[in-house]
Amino acid sequence: MSILFRIHQWFSFLGNIGSYGIAYLIESIIVLIFVALSFIALIYIFRKYMARIQRRIGPNRVGKFGLLQLIADALKLVGKESILPEGRDDMAYKIAPVIVMIATILAFILLPFGDLAYFGSLAVTHSKVTLILMFGILSIIPIGEILGGISTKSNYALLGTMRAVAKDISFEIPMMISVLAIVIVSSRSYATGAAITGGLSLSSIVANEVIPYGIIEPLGLLIFFISMVARASYSPFDLGESDSELISGYTTEYSGMRFGFFYIGLFGMVYLSSFLISVLYLGGSNGPYDNYVGFIYLFIKTDILVLISFLIWVSIPRIRIDKFVNLGWKYLLPLSMVNLVYAGLFVLYIR
Amino acid sequence: MYKIISEETDKSGMKVLNIDKSDLIELMEDYKDRKYFLSSITGVDMKDHIDVIYHLHNFDKNDYICVKVSTTDEKVPSITKLWKAAIVDEREQYDLMGITFEGHDNLRRILLPDDWVGHPLRKDYDLNKVQYVSVDRDGNEHVSFDDKEGW
Amino acid sequence: MSHWIELNIGPVHPATHGIYRFRVKLNEETVEDVDITIGYLHRNAEKICELNYFVNNTIYFDRMDYIDAMNMEVGYLRAVETLIDMEVPERAQWIRMIMAELSRIAARMVGIGALGLDVGMLTPFFHTFHEREKIQKIFVEASGGRQEVNYMSIGGVYQDFNDKIIEEIKEFIAGFKGKLEEMVKMFTDSEIFWQRNVGTGVLEPDIALDYGVTGPMLRASGIPYDVRKDSPYLFYDKVNFDVPIARTKDNMGRFLVKVEELRQSVRIIEQCLAKLPEGPYFNPKAKKSAMLLLKGQGDVFTRVESESGEFGVFIRGDGGVKPYRVHARSPSFKNLAVVPIMTKGSLIADLIITIASVDAVAGEVDR
């Protein structure tokens, strides 16, 4: 039983196509609202958390405890004039932030959110290839970054784009190889050793993940976590922005809500990467009574990961670009290969 | 061999060598060999002539000396060949005092915009004459006397 | 075949802590050439000083190295008091020393915090500024000013230390010792911070001497030169402190030298507080009515150790009540000029850190 089916039942008088259409629409909206609310909470928590670490108070003026600060910020960004730089490629300049934001939000729809009491499974998509879709959508985001960077004549943006591209290329491969190791491991049930189909769907990976894969292949977890930090591009891997060197990297020429879109993309990626890590490596929504509270398990795991990410963000300096690329090609890529071989041997062993 | 016109001690207890400007390079070379380094260059406008004062410092002996030359034609030989520190110092004195250092490769203004008129530290500099500086798109500065222009 | 990118760092850029402009010629990420443009903050304080009475000029020196105002005042007053033969009472000298060292700590807090900012860690910046804020509160208590203090005057200081100020300083020093170690740990515990700093921005000692570099930069290149030690002023010969040097010549060496100097500054302040005598804090010869009639004749050149290096002041008096010529040998001006040599062939990220570790203050560069 899933929330999708429940809504379909409520609207069954519209016929099969109509009711499923409305069900998908409503559920997507629910997910988007959930994501938006999470953003607000997340950024508020981030700012408070960062302020505590930095001996400050953080937002405390707008609303009770500064809870409305982010809404005020969003209104400010919307109200701001969007300054269009001269000599830009107009189409690319305008479409880039939209690509980044939409791709980030779209990825949330593919997540297996787990079950919640009456509603059942909260996942929107029940496709058999959500894993591939997920990483397909994730690889759209760099296109937005590149377009945003090279569509203006700014040298800062150009250098920032070059760094962002180097970052994405050098960490994409280890990330995908460690995901491949997950697919291999999840192809057989380690309770019975029987083959399992549907290993390319996130929900079936989670369903098989009685022991979290992070315990089976800790190396994979490490590689995936580092790659995800690079992907979300926060410190120490915020090379695309490098705010002390390149002003703001590929977002230098953006202002107003267009900059806000990139900002949403950044925090969305932090959140999404935490979701992905907890789904792929930390057991996702599995746990006792997960038919009723599975979603809560996932949420708690994700939030702990988000807090860990924030701690990394505020405490570690930025790595230099050459050292960073070295890390990707010389250490993570061979290690991910080792991890892949290990996953294969593990499957052989349990069979 | 250089000739020291007079030697005195100033109020802060520093040895002061008064020399002719034709002997400057020779004396400075001698002091460079004795491990002295340039600390600062000061120009003083004495209305009929300009005093150029060099402060040299020996780090080993912790000895400061002061070398004074005076010039009536605003020209002094450059000592950038001896110490690189003189590059910015001479540019600064050229900029503010209008002393031409002969032999300096890159003698242009350093603090003020390139087309500024006059040298502010001269005693005859007219402080009432207002010059407006504007910056163009490439970051180059332009000077005009009209407050409407530029901005 | 190489493609140039001309990158413009400054006048307004997160990495230039002040306003000066670097035109960097880049070959991809490698720095090929750096051209420095300065003068955006030029006020010609030297000319202004010629138009004023001797006693009025301290405020213009405050605004040279605006984050280290006390040492600028000490530098100017050392020259003026030598020129006009003004005696300074002992208590005033000890007070000046305490204030100068506090100001040095405050200035270093900015420098180190900004280095952290440029490496990409935001957190230490707030911690260092927290400590700086405490010092500024002491300054407010003593002088009424936070940054541009105008505390010292010819013949003494503006106001005597009362018990509250001494108590505040003692409290600050007690807290600062532990806090400093904590802040330094924030940097040195990070492997990436070492990676970024070790071996970047190398300055050979012969180049440093040739370019007239002084201060922590020279000491980090291995030359133990400190004006406080080599030609003591105030009562620096009556207190014990060490001059740290680093042999690595790089950014990390400069950072560690600066940190060690902070510890030495704390040591100096502790000794000063213990030795602070009772007595007048102002020479009665320089009382208010006589202040404008102070006359000076002849040349003086004195120097003090400011936050960024050897700060020399040349004054020529013609026997009148105003200085005939004032010249400030500003250390940041010389230190900044060596940046192109230090960063040639390095990556742009190293250039940014080198700029931060040189710690040139725009107000002092431009005067």
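Here is how names work: the chains are called A, B, and so on, in the same order as the sequence lines, proteins then strands, and each is numbered from 1.
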K.L.:
Tell me, side chain or backbone of C/Ile48 under 4.5 Å from chain B's heavy atoms, or both, or neither?
P.N.:
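Answer is neither: C/Ile48 stays 4.5 Å or more from chain B.
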K.L.:
Of the listed residues (B/Met46, B/Met14, B/Lys84, B/Lys32), which shares the most heavy-atom pairs with chain C below a 4.5 Å separation?
P.N.:
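If we count pairs closer than 4.5 Å to chain C, B/Lys84 comes out on top.
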K.L.:
Which atoms form the tightest heavy-atom contact between B/Ser40 and C/Phe301, and what is the distance?
P.N.:
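Taking every non-hydrogen atom into account, OG-CE1, 4.0 Å.
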K.L.:
Can you sort out the partners of B/Tyr54 under side-chain hydrogen bond (donor to acceptor under 3.5 Å, both in side chains), two or more places apart, ordered by chain and number?
P.N.:
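side-chain hydrogen bond (donor to acceptor under 3.5 Å, both in side chains) check on B/Tyr54 returns nothing, list empty.
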K.L.:
B/Arg108 versus chain C, heavy atoms under 4.5 Å apart: side chain, backbone, both or neither?
P.N.:
side chain
K.L.:
Counting only heavy atoms closer than 4.5 Å, note whether C/Tyr324 contacts chain B via side chain, backbone, both or neither.
P.N.:
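Both parts, backbone and side chain.
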K.L.:
Could you tell me the separation between the CG atom of B/Asp60 and the CD1 atom of C/Ile223, rounded to the nearest 0.5 Å?
P.N.:
8.5 Å
K.L.:
Which atoms of B/Leu121 are under 4.5 Å from chain C, going by heavy atoms: the side chain, the backbone, both sets, or neither?
P.N.:
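For B/Leu121, the contact with chain C is made by backbone and side chain together.
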K.L.:
Looking at every heavy atom in both C/Gly212 and B/Ala85, which two are closest together, and how far apart are they?
P.N.:
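Residues C/Gly212 and B/Ala85, closest heavy atoms: N-CB, 3.7 Å.
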K.L.:
Is the backbone of B/Gly43 close enough, under 3.5 Å, to the side chain of C/Arg325 for a donor and an acceptor to pair up by distance?
P.N.:
yes
K.L.:
Hey, which of C/Arg367, C/Glu50, C/Arg303 has the most heavy atom pairs under 4.5 Å with chain B?
P.N.:
C/Arg303
K.L.:
Would you say NZ of B/Lys123 has more than 12 non-hydrogen atoms from neighbouring residues, nucleotides or ligands within 6.0 angstrom?
P.N.:
yes
K.L.:
Could you tell me which portion of C/Val338 (side chain, backbone, both or neither) has an atom closer than 4.5 angstrom to a non-hydrogen atom of chain B?
P.N.:
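Neither part; nothing is under 4.5 Å.
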K.L.:
Measure the spacing between CZ of C/Phe333 and CD of B/Glu92 and express it to the nearest 0.5 Å.
P.N.:
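One gets 4.5 Å once the value is rounded to the nearest 0.5 Å.
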K.L.:
Testing B/Ile53, B/Thr42, B/Val16 one by one against C/Asp299 for a side-chain contact (heavy atoms from CB on, under 4.5 Å), which residue passes?
P.N.:
B/Ile53
K.L.:
Counting heavy-atom pairs closer than 4.5 Å to chain C, which one of B/Ile110, B/Leu38, B/Ile87, B/Leu112 comes out on top?
P.N.:
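The answer is B/Ile110.
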K.L.:
Using a 3.5 Å distance criterion without hydrogens, assess whether the side chain of C/Lys334 forms a donor-acceptor pair with backbone atoms of B/Val88.
P.N.:
no
K.L.:
Quick one: which of B/Asn62, B/Asp89, B/Asp95 has the most heavy-atom pairs under 4.5 Å with chain C, could you say?
P.N.:
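Of B/Asn62, B/Asp89, B/Asp95, B/Asn62 has the most heavy-atom pairs under 4.5 Å with chain C.
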K.L.:
Shorter than 4.5 Å, heavy atoms on both sides: which option in B/Trp83, B/Tyr125, B/Phe59 has the most such pairs with chain C?
P.N.:
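Top count of heavy-atom pairs under 4.5 Å with chain C: B/Phe59.
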K.L.:
Less than 4.5 Å apart, side chain to side chain, heavy atoms only: is that true for C/Glu310 and B/His57?
P.N.:
yes
K.L.:
Are the side chain of C/Arg329 and the backbone N or O of B/Ser39 linked by a donor-acceptor pair below 3.5 Å?
P.N.:
yes
K.L.:
Taking the side chain as everything from C-beta on, heavy atoms only, tell me whether C/Lys47 gets closer than 4.5 Å to B/Leu96.
P.N.:
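Counting from C-beta outward, C/Lys47 and B/Leu96 never come under 4.5 Å.
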K.L.:
Checking heavy atoms, do the side chain of C/Asn44, its backbone, both or neither come under 4.5 Å from chain B?
P.N.:
side chain
K.L.:
So for C/Asp318, is it side chain, backbone, both, or neither that comes closer than 4.5 Å to the heavy atoms of chain B?
P.N.:
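Neither part.
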K.L.:
Can you say whether B/Glu8 sits under 4.5 Å from chain C via the side chain, the backbone, both, or neither, judging by heavy atoms?
P.N.:
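For B/Glu8, no heavy atom lies under 4.5 Å from chain C.
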K.L.:
Tell me, for C/Leu51 versus chain B, whether the close heavy atoms (under 4.5 Å) come from the side chain, the backbone, both or neither.
P.N.:
side chain
K.L.:
Which region of B/Lys61, side chain (C-beta onward) or backbone (N, CA, C, O), has a non-hydrogen atom less than 4.5 Å from a non-hydrogen atom of chain C, or is it both or neither?
P.N.:
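Nothing of B/Lys61, per the 4.5 Å heavy-atom cut-off to chain C.
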K.L.:
Relative to chain C, which segment of B/Leu82 carries a heavy atom at a distance below 4.5 Å: side chain, backbone, both, or neither?
P.N.:
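For B/Leu82, the contact with chain C is made by the backbone alone.
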K.L.:
Chain B heavy atoms under 4.5 Å from C/Arg78: which part of the residue, side chain, backbone, both or neither?
P.N.:
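Neither part; nothing is under 4.5 Å.
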K.L.:
For the CD atom on C/Glu6, are there more than 12 heavy atoms of other groups (residues, nucleotides or ligands in this structure) within a distance under 6.0 Å?
P.N.:
yes
K.L.:
Out of C/Val300, C/Thr302, C/Leu209, return the one with the most heavy atom pairs under 4.5 angstrom to chain B.
P.N.:
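That would be C/Leu209.
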